[in-house]
2 protein chains.
Amino acid sequence: MAVTLADVAARAGVSSATVSRVLNGNYPVAGSTRERVQRAVEELDYVVNGQARALAAATSDLVGVLVNDVADPFFGVIASALQGEIGAGGAEPGGGKLAVVCNTGGSPEAELTYLTLLERQRAAGVVLTGGAVENDQHTGAVAARLARLAASGTRIVLCGRPPLSLPGDAGSVTTLAFDNRGGARRLTEHLLSLGHRRIGCVTGPVGRSTTRHRLEGHQAALAAHGMGPGTPGGIAAERLTVHGGYDRASGYDATLELLRRDPGLTAVVAANDTVALGVCAALRDRGLDVPGDVSVAGFDDLPFSVDASPALTTVRIPLQEAGARAGRVVMGRQQPPPGGLASIPTELMVRASTAPPAADRA
Amino acid sequence: MAVTLADVAARAGVSSATVSRVLNGNYPVAGSTRERVQRAVEELDYVVNGQARALAAATSDLVGVLVNDVADPFFGVIASALQGEIGAGGAEPGGGKLAVVCNTGGSPEAELTYLTLLERQRAAGVVLTGGAVENDQHTGAVAARLARLAASGTRIVLCGRPPLSLPGDAGSVTTLAFDNRGGARRLTEHLLSLGHRRIGCVTGPVGRSTTRHRLEGHQAALAAHGMGPGTPGGIAAERLTVHGGYDRASGYDATLELLRRDPGLTAVVAANDTVALGVCAALRDRGLDVPGDVSVAGFDDLPFSVDASPALTTVRIPLQEAGARAGRVVMGRQQPPPGGLASIPTELMVRASTAPPAADRA
DNA sequence: CTGTTAGCGCCTTCAA
DNA sequence: TTGAAGGCGCTAACAG
């Protein structure tokens with residue numbers, strides 16, 4: 001079997017308590033004793049049993065990170081930055097915490113299942129990333145679970161999620177919300193100011209907070225230009241909105257559908273950059289030039305977007321910074337924002353994929 | 001404090017042993033008793049303490065995944081697929097295992113540190129992904145740690161790593177190696193067969209197995225065309241090789257350097273697709289057309305590569321399949337390949353970024 | 001400064 | 001089929 005504290009203690013001729021104290025360095029120990037213990041540790045290649053330690057000390061070395069899918073750069077970047085902050089890199093005493101990455105695929109059930117699993121592990125913290133499913137029952141279930149976690153000392157951070165009010169006013173939850181609405185609005189305003197009026201919108205999955213916020217921003221910009229709901233232009237705008245997933249194929253398919261509804265549209269805003277690539281591909285396959293015939297804009301400013309050609313106009317979300325901050329907060333190494341809520345600003349990045357509309361094609 | 005087994009037992013009017021048996025379902029329990037216990041569990045919202053269970057049963061719910069960086073799609077895709085296999089999605093009894101994702105950043109020290117941390121947690125399995133640092137001392141240190149882990153029952157899988165012989169013939173290690181050499185060779189052969197002779201090579205960091213294998217494949221193709229080391233063409237080829245990181249900036253900078261060394265080169269093979277995007281950007285900034293003036297090829301076939309424009313010629317590695325397989329093997333749900341070693345084939349994907357060379361420019 | 005003594009919460013023989 | 005009891009490996013008072 002594995003070497004235990006007792007083995008080390010025996011070899012060093014001290015009690016196991018002393019070994020524990022040397023290992024944790026949280027209690028005075030004589031220099032000579034310390035050395036003897038350290039030698040014994042090395043000779044025996046001793047490695048503490050984290051589970052036993054966790055049980056005895058009621059601590060945990062784990063931080064859970066819920067993401068839709070780590071393969072999606074949006075979440076990959078957040079997870080990476082977060083892991084960098086909590087991990088062994090930082091000079092954390094004891095080597096930092098381990099990141100448990102959980103792919104929920106956007107499924108409410110998976111989300112709850114993973115929260116239970118993390119509760120089992122008595123995780124030191126949990127970070128929920130990305131938009132939330134907007135369903136009262138599910139929201140309530142998540143809130144209840146988070147409240148229990150928070151009550152038991154687990155730090156909770158919502159990163160890119162709307163704030164959540166926990167029942168029973170349990171321990172605090174920190175929310176780092178992205179300004180999706182503002183970003184989407186500025187993006188559509190950019191297109192409007194270029195002269196576009198027939199703007200297709202390939203938005204995200206229905207029933208999700210991110211989708212709603214970005215769509216609201218888009219519609220707010222339209223409304224400000226007299227193209228709000230109820231107006232003739234507004235009706236057109238609604239006809240030019242298609243929901244889809246966050247993958248390339250969605251963008252491709254949605255674009256074909258949009259072109260069917262209005263062959264003369266001059267711009268498309270996509271749910272995110274990945275979708276925007278699909279939009280561009282579909283337009284190209286239809287013989288349309290970007291941005292000559294149709295302007296295209298994405299969202300998120302994922303790493304590859306600047307290298308697309310044409311380089312993608314998009315809305316930058318500082319994912320890396322947000323992930324790092326979430327990591328620091330969940331480690332208790334940085335003060336939560338006042339009120340537990342911070343709005344992360346987004347920034348319009350105008351690049352080559354948007355331009356003034358050409359003369360009408362249809 | 002949290003609800004414990006004893007609380008549930010008291011409420012159900014049974015012993016804690018019985019509750020344990022109901023929970024684990026690995027021992028006969030009378031139907032009525034079982035029901036009473038389950039009711040108590042629900043009423044009390046009981047959640048087992050994973051650490052206590054792990055300590056008592058000498059098991060673990062964790063699987064470690066070492067990656068360079070999850071934000072890099074190469075690793076993100078592997079990690080995602082792996083997590084999907086081991087996670088709560090599968091109908092694993094007990095809800096599957098949790099994936100602990102560790103960003104090593106390619107640092108040998110970080111690698112060892114994380115292996116120690118995972119040993120502390122008595123991880124059920126460890127998957128090491130991506131190339132290895134080729135340094136005898138470090139290789140030995142890793143092998144020693146893995147041997148100890150394997151000896152204590154931890155399943156080890158190397159995914160995209162060269163095989164490793166463990167000292168003391170400890171428990172088996174499964175290796176899923178990518179055929180980087182063959183892929184690189186076929187890629188360069190493709191360029192040669194198009195007529196290219198002045199081929200720049202932006203390869204990966206020095207001292208890493210992946211870099212070496214891809215470079216060997218490249219050089220083997222050249223040698224087969226009489227451009228091996230020692231020949232005049234061979235000398236040119238060596239001058240046209242630049243090492244860099246796996247990021248876009250490396251590709252950009254390396255390309256400027258290559259153009260300085262040979263303004264007339266007609267093709268560039270990049271260390272991977274991300275680097276290839278940087279190469280394309282540099283060429284464009286120099287006023288060169290891809291593939292009109294210079295052909296460019298990547299490696300890995302990352303998700304965005306097909307959407308680059310021009311679409312990237314590259315070598316496909318089935319990362320998702322490999323990650324999923326690694327997950328199944330590390331869970332003991334799939335037989336390891338015979339001999340513990342499988343070579344994952346790679347596939348040349350010819351797309352639009354490569355074409356025959358134009359007439360000489362310089 | 002160091003040893004002794006209790007548990008942490010659960011699983012698992014051994015008896016009944 | 002169930003209960004009682006011991007121990008997994010470590011930490012944290014409490015003495016000394």
Side-chain angles (χ1 to χ4, degrees), chain A residues 1-38 40-41 44-62 93-95 117 119-124 152-153, chain B residues 1-38 40-41 44-61 93-94 117 119-124 152-153:
Chain A
M1 274 312 293
V3 181
T4 73
L5 246 206
D7 298 331
V8 177
R11 172 140 194 147
V14 299
S15 75
S16 58
T18 299
V19 179
S20 170
R21 297 198 262 252
V22 170
L23 257 40
N24 294 305
N26 53 3
Y27 214 81
V29 174
S32 62
T33 312
R34 173 189 311 279
E35 272 183 37
R36 229 158 0 110
V37 169
Q38 282 168 339
V41 166
L44 268 46
D45 264 333
Y46 171 71
V47 176
V48 285
N49 183 322
Q51 316 179 306
R53 165 183 287 180
L55 180 58
T59 61
S60 169
D61 290 334
L62 304 180
L117 257 34
E119 187 175 352
R120 272 195 195 168
Q121 300 299 324
R122 304 296 188 261
S152 70
Chain B
M1 274 315 292
V3 182
T4 72
L5 247 204
D7 298 331
V8 177
R11 172 139 195 148
V14 299
S15 75
S16 57
T18 300
V19 178
S20 170
R21 287 171 187 138
V22 171
L23 258 40
N24 294 305
N26 52 4
Y27 213 81
V29 174
S32 62
T33 312
R34 173 190 311 279
E35 271 184 37
R36 228 157 1 110
V37 170
Q38 283 168 339
V41 166
L44 267 44
D45 265 333
Y46 171 71
V47 175
V48 285
N49 183 322
Q51 316 178 307
R53 165 183 286 183
L55 180 58
T59 61
S60 169
D61 290 336
L117 257 35
E119 187 174 352
R120 272 195 196 169
Q121 301 299 324
R122 304 296 188 259
S152 71

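Every chain is numbered from 1 and lettered A, B, ... according to where its sequence line falls, protein lines coming before strand lines.
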Rounding to a whole Å, what distance do you find between R120(A):CZ and dC8(C):P? 21 Å
Distance, rounded to the nearest Å, where R21(A) contributes CZ and dC14(D) contributes P: 14 Å
Atom CG of L5(A) and atom C1' of dG3(C) are separated, to the nearest Å, by 14 Å
Working for side chain to side chain contact (heavy atoms under 4.5 Å, CB included), residues N49(B) and T4(B): CA-CA 8 Å; N49(B) 183 322; T4(B) 72; over 6 Å; no
Expected output: side-chain S60(A) to main-chain R122(A) donor-acceptor under 3.5 Å: yes
Is the closest side-chain heavy-atom distance between T18(B) and R21(B) below 4.5 Å? yes
Grab the CZ-P distance between R36(A) and dT2(C) for me, whole Å please. 8 Å
Can you tell me how far P of dC10(D) sits from CD of Q121(B), to the nearest Å? 13 Å
Has T18(A) got a side-chain N or O lying under 4.0 Å from the OP1 or OP2 atom of dG3(C)? yes
Side chain to side chain contact (heavy atoms under 4.5 Å, CB included) assessment of V8(B) paired with L23(B): CA-CA 11 Å; V8(B) 177; L23(B) 258 40; over 6 Å; no
Nearest-nucleotide 5' precedence on DNA chain D, V29(B) against Q51(A): V29(B)
Whole-Å gap separating P (dG9(C)) and CG (L23(B)): 15 Å
Below the 4.0 Å mark, does dC11(C) have OP1 or OP2 next to a side-chain nitrogen or oxygen of S20(B)? yes
Provide, to the nearest angstrom, the distance between the CG atom belonging to N24(B) and the P atom belonging to dT1(D). 17 Å
Under-4.0 Å side-chain N/O to phosphate OP1/OP2 contact, T4(A) with dG9(D): no
Can a side chain N or O of T33(A) be found less than 4.0 Å away from OP1 or OP2 on dT2(C)? yes
Counting side-chain heavy atoms from CB outward, which of dC14(D), dC10(D), dC10(C) is closest to Y27(A)? dC14(D)
Check every atom of dG9(D), dG3(C), dA12(D) against the side chain of S15(A) and return the nucleotide holding the closest atom. dG3(C)
Using a 4.0 Å heavy-atom cut-off across all strands, classify A17(B) as base, sugar-phosphate, or nothing. base
Output the rounded distance in Å from CZ (R53(B)) to C1' (dC8(D)). 15 Å
Check whether R120(A) reaches the backbone of V48(B) with its side chain - one donor and one acceptor, N or O, closer than 3.5 Å. no
Side-chain N or O of N49(B) versus OP1/OP2 of dC8(C): is the shortest distance under 4.0 Å? no
Base, sugar-phosphate alone, or nothing: which one does A30(B) contact when heavy atoms must sit under 4.0 Å apart? sugar-phosphate
Need to verify one output field. Residue with the more 5' nearest nucleotide on DNA chain C, A6(B) or G31(A)? G31(A)
Looking at every strand, decide which applies to L55(A) at a 4.0 Å heavy-atom threshold: base, sugar-phosphate, or nothing. base
